[in-house]
Amino acid sequence: MSESSTYPEQIAMGPYQYWNLQEKGWVRILSIEPSRMLADPIRASLLHQSLSDLEERGYEALSYCWGKANATCAISIDGASFLVRPNLLSALRRLRRRASRGRRLVWVDAICTNQGDIAERNRQVSQMHQIFSKASRVVVWLDEGGPRTDFAVDTLQQWAAPAKQIEDRWRVRVNTTTASLQGFYDDWTLLYQSLQDRDGRPFFHTCLVEVLWLFQCDWWNRMWTMQELVLAREALVQVGSKTVPWIGAHGRGGAASVGGVYTSLVASFFNMAEDLRVLRAHRSANIPISLSFVLQYTSARLATDARDKVYAGLAIVDWEETQEALRADYNLSCREVYTSAIKTLLAESGDLRAYNFLLGTPPGGGGEFPSWVPSFAADVVRQPDLCFLGGGSRGDFMVTASKGRLYLAGATPALDMKHELRFEGRDKIMAIKGVLIDSLQSIGDAAPQDDGVTDNLEISIAGAIQQWRALVGSLDGHYPTVGPSERRESKKEAFWRTVTLDCKVVFYHAGLKLHNNPRDMRRRLNSPTDAKIPPRTPSEERELLAALDEQVRWKEGQQVGRRFFTTRRGFMGIGPPEAQAGDVVCVFLGGETPFVLRPGNGGRYKLLRQCYLHGFMMGEAIAHACHTGILRLEEIKLE
């Protein structure tokens, strides 16, 4: 067989029939005929070629959204009719070159992969890494656009060059010195302030409003487009006839984030693009990317096939063992894929960090999966990660170096954070070592929930905190302890440390800035005493409540959506909204925080979500189980 091949034209306008690909490592590539007129019919050929030879020849890969419309638009491939969706038709018309420039070779998933052949889909998905990383360029097709998006692209062109300079400068700094996130924001601030609209007015007045239109395109929200962009050597964003280099498109993330910090604008529309910047930054800096990291940064992305919430990120994972364990197989059910994914995540890290950001309540209760198997779907109602206090990008190489985990609830006395678990009943039950601490007795109102859509300016948790205080009653006396303690903590101090999750509060503690505050153990309140917690006067209490509200408005408040609770023995905590009296607080080996469990059948439990339990966040439960015998380390079965 020759290095590439095409096949004789099929019967004119009959339905296109795929020829099987020769062997592994081969793909189909679309060769689009040029045309002078945009409205001319699309005529193309499908060539078969090995990826290695195709890379040498040069080709482009198209990253786009299929859209909700059915495939009703006919194009001609090798003289046969092939139906595509409207958005792809628009892209092909724009990609088609003028007659003087010859044919254009483009890999397009909906055409180059036989979507009706599951075995072929499995093989092609396993080659996605090579297909997009070997392409000379990835073309990101957003939309046909219009006047507003045309102006947005022109605006992005203004900062393409300075954005690249900032990225390059900071990549060098990170590799040679201890880089401060404040310095990164300072660079973006200067760029943000320098931008002007076409009438010479500051950027904030009109430019950002126009750019918002561009970043509401569906492309930014999809799973597969994430992988396609991250793998690209070079990427070009196209809207209608307008194009802009990727650095100009993603660079708006820094400027928009600065705009959110230095103005009242919350740049939530830009979060998806910012995540892409972080992932690409890791690849360019040769920082290994784990499955956990990918799933964390894609948790809100959408996939038509629920299994693609896992499969679509595998190509950028750097662990071969992970890729092999989760090789795409569309014959498996969603439950089987998600079960394999969480088992792989737990094995990959050796601890329970995956649950920090994955646990949620699927609509309808999530009865399809065992409670310990999280749904990876984007419509899961997740809460902010207790172990990473909002803002910034946990894995961004521009964030200041970590100084230790925020909490170590499941650490051994030797500070080992390894889980001990096994599976039984055909993966229906997870048996894991942990300590059952106490049962919940009184439950407070849930703090208002961030819905991810509004700008949070009206959200206030102060009212919920006042109700929590009333639930506790008198704050006189001491907080209970499990065993002998050198220092008896006051009940008042324990309450306020619980409300703040034992962390310093931006806008309240001196030295903390919204855009440059630690996300690790440095954020913890001073011990054994903190100068600002508990508040000493009614005025300080009002100041603290106002600061907690302000944190929430800037998506820094991890209390949102959670409930205060007290246990049968008088311990205080903050847990998930579904928590109820009779639930049990447990600390598992390898878990950064305690978890709330619900008693089930036959002595088994259902896993709910993370919680904060005051006095048990730094390995105290495991230490008592290992040394004093007051608590017991046992195997707990989750169903």
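Computed from a predicted structure; not experimentally measured. Excluded from the calculations below are hydrogen atoms, water molecules and symmetry mates; all remaining heavy atoms, backbone and side chain alike, are included.
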Quick one: pull up [atom1] in [X] and [atom2] in [Y] and give me the separation to the nearest 0.5 Å.
X: Thr344; Y: Leu326; atom1: OG1; atom2: CG; answer: 4.0 Å
X: Leu548; Y: Gln558; atom1: CG; atom2: CD; answer: 11.5 Å
X: Leu231; Y: His129; atom1: CG; atom2: NE2; answer: 5.5 Å
X: Thr567; Y: Asp583; atom1: OG1; atom2: CG; answer: 12.5 Å
X: Leu415; Y: Arg405; atom1: CG; atom2: CZ; answer: 10.5 Å
X: Leu436; Y: Leu597; atom1: CG; atom2: CG; answer: 7.0 Å

So do the side chains of [X] and [Y] get within less than 4.5 Å of each other, counting heavy atoms only?
X: Val435; Y: Ile622; answer: yes
X: Arg604; Y: Met430; answer: no
X: Phe357; Y: Leu295; answer: yes
X: Val317; Y: Phe293; answer: no
X: Thr500; Y: Cys503; answer: no
X: Met617; Y: Leu408; answer: no
X: Glu592; Y: Gln610; answer: no
X: Ser442; Y: Phe564; answer: no

Mind listing the closest non-hydrogen atom pair of [X] and [Y] along with its distance?
X: Ser126; Y: Arg327; value: CB-NH1, 3.9 Å
X: Leu545; Y: Gln466; value: CD1-NE2, 3.4 Å
X: Gln227; Y: Ala315; value: OE1-CB, 2.7 Å
X: Pro374; Y: Tyr338; value: O-CD2, 3.8 Å
X: Arg524; Y: Lys504; value: O-CE, 3.3 Å
X: Phe507; Y: Glu550; value: CE1-CG, 3.3 Å

State whether the side chain of [X] and the backbone N or O of [Y] hold a donor-acceptor pair below 3.5 Å, judged by distance alone.
X: Gln551; Y: Gly557; value: no
X: Ser371; Y: Leu607; value: yes
X: Tyr479; Y: Glu493; value: no
X: Thr322; Y: Asp318; value: no
X: Asn526; Y: Thr529; value: no
X: Lys492; Y: Pro534; value: no
X: His419; Y: Leu346; value: yes
X: Trp468; Y: Val499; value: no
X: Glu540; Y: Arg536; value: yes
X: Thr566; Y: Gly570; value: no

Intermediate values then yes/no, side chain to side chain contact (heavy atoms under 4.5 Å, CB included), Val482 and Phe616: CA-CA 10 Å; Val482 175; Phe616 293 90; 3.1 Å; yes
Under 3.5 Å side-chain donor-acceptor pair for Ser292 and Glu348: no
Arg301 and Asp308 ion-paired at < 4.0 Å: no
Stepwise side chain to side chain contact (heavy atoms under 4.5 Å, CB included) check, Leu276 with Met226: CA-CA 7 Å; Leu276 293 174; Met226 171 279 302; 3.7 Å; yes
Verdict with reasoning, Tyr612 to Thr593, per side chain to side chain contact (heavy atoms under 4.5 Å, CB included): CA-CA 7 Å; Tyr612 174 92; Thr593 69; over 6 Å; no
For Arg632, all residues meeting salt bridge (Lys or Arg N to Asp or Glu O under 4.0 Å), sequence neighbours excluded: Glu634
Audit row: Ser460, Asp549, side chain to side chain donor-acceptor pair (under 3.5 Å) steps and yes/no: CA-CA 5 Å; Ser460 170; Asp549 274 348; 2.7 Å; yes
Evaluation steps, salt bridge (charged side-chain N to carboxylate O under 4.0 Å, His left out), between Arg422 and Glu635: CA-CA 10 Å; Arg422 62 184 180 85; Glu635 188 175 73; 2.9 Å; yes
Ring pair (Phe, Tyr, Trp, His ring centres under 6.0 Å) involving Phe565 - partner list, sequence neighbours excluded: none
Glu424, CD: over 12 other non-hydrogen atoms inside 6.0 angstrom: yes
cation_pi(Lys433, Phe588) dist<6.0 Å, angle<=45: no
Quiz item: cation-pi between Lys343 and Phe423, 6.0 Å / 45°: yes
Pair Phe495 and His614, ring centroids less than 6.0 Å apart: no
Asp385 vs Arg353, salt bridge (charged side-chain N to carboxylate O under 4.0 Å, His left out): CA-CA, chis, key distance, verdict: CA-CA 10 Å; Asp385 180 357; Arg353 71 183 66 182; over 6 Å; no
Salt bridge (charged side-chain N to carboxylate O under 4.0 Å, His left out) evaluation trace for Glu578 with Lys606: CA-CA 12 Å; Glu578 63 271 18; Lys606 292 186 180 297; over 6 Å; no
Salt bridge (charged side-chain N to carboxylate O under 4.0 Å, His left out) evaluation trace for Lys418 with Asp416: CA-CA 6 Å; Lys418 296 294 183 182; Asp416 182 17; 5.9 Å; no
Stepwise side chain to side chain contact (heavy atoms under 4.5 Å, CB included) test for Arg523 and Val506: CA-CA 10 Å; Arg523 185 70 174 265; Val506 179; 3.5 Å; yes
